[in-house]
> 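Structure below; questions to follow.
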There are 2 protein chains.
Amino acid sequence: MEKAFDPYLRIDDVTVDRSDVEMLRAIDDCGSLSGAADALERSYPRLQQRVVALEQSIGPLVERTRGGADGGGSSLTETARELLVRFDRLVAAYEGVARVDETALSGPVVDRDGELATVETSVGAVLAVAPADAARVAVTIRSDAVSLHAPSEVPRPEGTSVRNRFSGTITWLDTGAAVVRVGIELERDTNSDGAEPPELVALVTRQSVETLELEPGRSIVASVKATAARGIARDELDAVSTDAN
Amino acid sequence: MEKAFDPYLRIDDVTVDRSDVEMLRAIDDCGSLSGAADALERSYPRLQQRVVALEQSIGPLVERTRGGADGGGSSLTETARELLVRFDRLVAAYEGVARVDETALSGPVVDRDGELATVETSVGAVLAVAPADAARVAVTIRSDAVSLHAPSEVPRPEGTSVRNRFSGTITWLDTGAAVVRVGIELERDTNSDGAEPPELVALVTRQSVETLELEPGRSIVASVKATAARGIARDELDAVSTDAN
DNA sequence: CGCCGATATTCCATATCGGAAACAACGATG
DNA sequence: CATCGTTGTTTCCGATATGGAATATCGGCG
């Protein structure tokens with residue numbers, strides 16, 4: 001099972017999607033609409049009509065010239081270039097979500113302050129952003145939002161905005177080119193009878209692995225910002241699972 | 001301009017998207033395919049064919065019964081329910097990206113270790129995940145990935161996996177129901193001549209605002225994990241901008 | 001003034017989508 | 001045991017959207 005998405009920017013009536021961005025890039029590269037149509041193996045009419053449609057909502061995107069020794073050509077306006085950058089940033093942000101591991105912890109909401117909920121899980125109370133009407137939620141924690149600390153160097157709660165803290169033991173490392181996935185078996189809460197040992201995955205740099213001397217068996221403290229922990233309503237079912245990729 | 005996305009899960013050949021999930025939910029609610037078709041105002045044949053198509057790739061999703069006093073009916077299998085939960089989690093994760101502020105810092109790549117790049121920005125070196133071929137990148141930092149610390153309580157670099165650290169002054173607070181957006185004017189790097197004062201936005205809980213006594217004018221240290229800072233290639237243009245919503 | 005390469009426009013083939021209608025299964029009911 | 005009602009299954013047809021071939025238009029340059 002593979003996570004994916006189609007990002008788009010909605011501007012007034014039109015939606016700018018992947019193929020539109022691809023089209024603008026091709027126009028920029030080729031210097032003409034017809035060239036872009038050839039390069040993308042799309043028909044010229046549709047491509048040109050699409051440009052017109054986008055421009056009706058967004059404003060001038062392509063500066064067109066006809067005639068001349070080379071027959072003319074087209075170049076992107078500043079508006080179009082800004083659009084491309086916007087889209088790239090959007091994709092980068094979403095891409096991060098798609099490529100990163102997530103850990104889910106579920107349990108009942110025991111306290112609530114607006115959209116901020118305290119969830120009782122098998123590893124203790126977790127503070128997370130959750131829909132206001134949910135009585136039981138599954139909290140999703142992205143591995144790139146998990147920070148690790150040496151047990152002796154844990155920041156005092158009074159001095160940091162990070163609100164969730166878990167103690168655990170490293171069980172495995174998955175070393176990549178520059179980043180390392182770290183599997184952590186969390187300490188269960190004292191009054192919890194959970195069957196499955198709750199696991200948390202963190203994504204850290206290889207340099208952090210060396211600095212903190214991370215290795216299987218070592219005790220570690222993981223921290224997660226409440227605003228990075230997102231809960232979804234889960235009023236029927238119940239499970240603790242880790243979702244690889 | 002509005003960010004949006006269409007999430008989907010790809011399983012073998014089929015992609016299950018929003019409408020598929022909506023369909024399965026309706027089947028669950030109504031207890032029959034025909035009821036779901038009525039509720040969604042979709043034609044029965046297409047709906048039924050879609051269920052069959054999904055099942056061919058994913059496996060049994062709907063337990064169907066024909067005949068009986070009530071004419072029969074359908075209920076979801078465990079596979080289908082798990083699919084719904086998966087999808088909810090996916091949406092929650094993407095939703096977080098769409099709703100959160102982002103700060104972009106750009107500059108040249110001065111060092112690189114695989115997909116991890118050190119980027120020279122107007123506020124100093126930033127460690128971020130970036131495409132391997134980019135010489136100049138824009139680093140995007142989501143506000144929910146920014147942690148704040150009292151200047152006297154900054155964790156030692158040797159004891160934490162958090163690699164980016166910025167000093168700054170709080171310039172504004174936007175207090176919501178439970179969470180607060182914090183605007184921070186970053187200290188410029190000594191040898192930088194940047195024109196715009198670089199601004200970082202952090203998203204923290206209201207309780208953190210009280211604990212850290214956050215208010216305009218106060219000095220603060222912001223930290224960001226390298227794996228949560230994502231860079232995009234930006235080899236032509238150059239700007240520092242903050243993108244609200 | 002004709003040429004050339006590019007931009008606009010018209011029109012048609014095709015695939016996809018959605019729905020109406022007929023058909024089959026099955027248990028309750030009399 | 002025939003009938004009935006509800007639901008699942010299948011077939012077929014029309015509407016809509018998508019993509020492309022052919023055509024017309026433009027304008028500097030030689």
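The basis for the numbers below is simple: all heavy atoms, side chains too, and nothing from hydrogens, waters or symmetry mates. Order of the sequence lines sets the chain letters (A, B, ...), proteins ahead of strands, with each chain counted from 1.
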> Under the salt bridge (Lys or Arg N to Asp or Glu O under 4.0 Å) rule, collect the residues that match up with B/Arg10, sequence neighbours excluded.
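None.
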
> At under 4.0 Å, does any side-chain N or O of B/Ser74 touch on OP1 or OP2 of D/dG8?
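Yes, such a contact exists.
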
> Quick check for you: name the first and last nucleotides of DNA chain C, 5' to 3', having an atom under 4.0 Å from a heavy atom of chain B.
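Nucleotide range with atoms under 4.0 Å of chain B: C/dC17 to C/dA28.
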
> Charged N to carboxylate O below 4.0 Å: is that the case for B/Glu102 and A/Arg86?
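Between A/Arg86 and B/Glu102 there is no salt bridge, as every charged N stays at least 4.0 Å from the carboxylate O atoms.
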
> Do B/Thr103 side-chain atoms and B/Val201 backbone N/O form a donor-acceptor pair below 3.5 Å?
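Yes, because the side chain of B/Thr103 sits within donor-acceptor range (under 3.5 Å) of the backbone of B/Val201.
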
> Take atom CD of A/Gln49 as the centre, draw a 6.0 Å sphere, and report whether it contains more than 12 heavy atoms from other residues, nucleotides or ligands.
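Above 12, so yes.
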
> What is the distance, rounded to the nearest whole Å, between atom CG of A/Leu47 and atom P of D/dA21?
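The answer, rounded to whole Å, is 14 Å.
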
> Could you walk me through whether B/Glu199 and B/Arg188 pass the salt bridge (charged side-chain N to carboxylate O under 4.0 Å, His left out) test, one step at a time?
CA-CA 10 Å; B/Glu199 186 186 56; B/Arg188 255 198 292 278; over 6 Å; no

> Can you list everything that forms a salt bridge (Lys or Arg N to Asp or Glu O under 4.0 Å) with B/Glu185? Sequence neighbours excluded, please.
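With neighbours one apart ignored, the set is empty.
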
> Residues from residues 48-56 of chain B sitting under 4.0 Å of DNA chain D, heavy atoms only?
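Within residues 48-56 of chain B, the residues near DNA chain D are B/Gln48, B/Gln49.
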
> Could you list, one pair per line, each protein nitrogen or oxygen that sits under 3.5 Å from a nitrogen or oxygen of nucleotides 26-30 of chain D, together with the distance?
residue: D/dC26; atom: O4'; partner: A/Arg66; partner atom: NH2; Å: 3.1
residue: D/dG28; atom: O4'; partner: A/Gly68; partner atom: N; Å: 3.1

> Using a cut-off of strictly less than 4.0 Å between a heavy atom of the residue and any atom of DNA chain D, enumerate the qualifying residues of residues 14-33 of chain B by number.
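Those residues are B/Ser32, B/Leu33.
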
> Backbone N or O of B/Asp6 within a donor-acceptor pair of the A/Asp6 side chain at under 3.5 Å?
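Flag not set: sc A/Asp6 to bb B/Asp6 has no pair under 3.5 Å.
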
> Between A/Arg64 and A/Glu55, is the closest basic N to carboxylate O distance under 4.0 Å?
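A/Arg64 and A/Glu55: salt-bridged.
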
> Do the side chains of A/Asp20 and A/Arg50 get close enough for a salt bridge, i.e. N-O under 4.0 angstrom?
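Result for this pair is yes, salt bridge flagged.
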
> Tell me the interatomic distance from B/Arg46, atom CZ, to D/dG8, atom P, rounded to whole angstroms.
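It is 18 Å, rounded to the nearest whole Å.
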
> Looking at B/Lys3 and B/Glu95, does any basic side-chain N land under 4.0 Å from a carboxylate oxygen?
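Salt bridge flag = no for B/Glu95 with B/Lys3.
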
> Of A/Ser43 and B/Pro45, whose closest DNA chain D nucleotide lies nearer the 5' terminus?
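With B/Pro45 and A/Ser43 compared, the 5'-side residue is B/Pro45.
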
> Classify the ring geometry between A/Tyr94 and A/Phe5 as parallel (under 30°), tilted (30 to 60°) or perpendicular (over 60°).
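Correct class here is tilted.
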
> Distance only, no hydrogens: is a donor on one side chain within 3.5 Å (strictly under) of an acceptor on the other, for A/Thr15 and A/Asp17?
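Checked: A/Thr15/A/Asp17 side chains show no N/O donor-acceptor pair below 3.5 Å.
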
> Between the side chains of B/Arg25 and B/Asp88, is the shortest nitrogen-to-carboxylate-oxygen separation below 4.0 Å, so that they form an ion pair?
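Salt bridge between B/Asp88 and B/Arg25, a charged N being under 4.0 Å from a carboxylate O: yes.
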
> Could you tell me how far apart A/Tyr44 (OH) and D/dA21 (C1') are, to the nearest whole angstrom?
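That distance rounds to 15 Å.
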
